[in-house]
Amino acid sequence: MKGLGYLGAFIGGALAGAAAGLLLAPETGKDTREKITETVEEFLRKHNIKLNRKDVGDLVDDLEDVAD
C-alpha cells in the first residue's frame with residue numbers, strides 16, 4: 001500500500017510539473033488550457049480512469065491553481 005502512495009505522489013507531481021511547464025509556455029491561456037485538458041484526458045484514458053468532462057475540467061483548474 002505504501003508503494004501506491006509513492007506512485008500517486010509521483011504521478012501527481014509529474015502532472016503538476018507538466019501543467020506548470022505548459023502554463024509558463026508563451027501561448028494563450030485558451031490554448032494552454034486545451035492542451036492541459038487533452039493531456040489529462042489522454043492520461044485518464046490510458047489508465048482506464050473514468051471521469052466526466054466536468055471532473056476533468058475541475059482537475060485542470062486545480063492543476064492551474066497549484067502551478068500559480
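Just so you know, these numbers use all the heavy atoms, side chains as well, and skip hydrogens, waters and symmetry mates.
Take Lys54 and apply the salt bridge (Lys or Arg N to Asp or Glu O under 4.0 Å) test, not counting sequence neighbours, and it matches Asp58. In terms of the side chain to side chain donor-acceptor pair (under 3.5 Å) criterion, Glu34 has no residue partners (sequence neighbours excluded).
Rounding to the nearest 0.5 Å places NZ of Lys35 at 9.0 Å from CD of Glu38. Atoms CD and NZ, from Glu41 and Lys46 in turn, are 15.5 Å apart once rounded to the nearest 0.5 Å.
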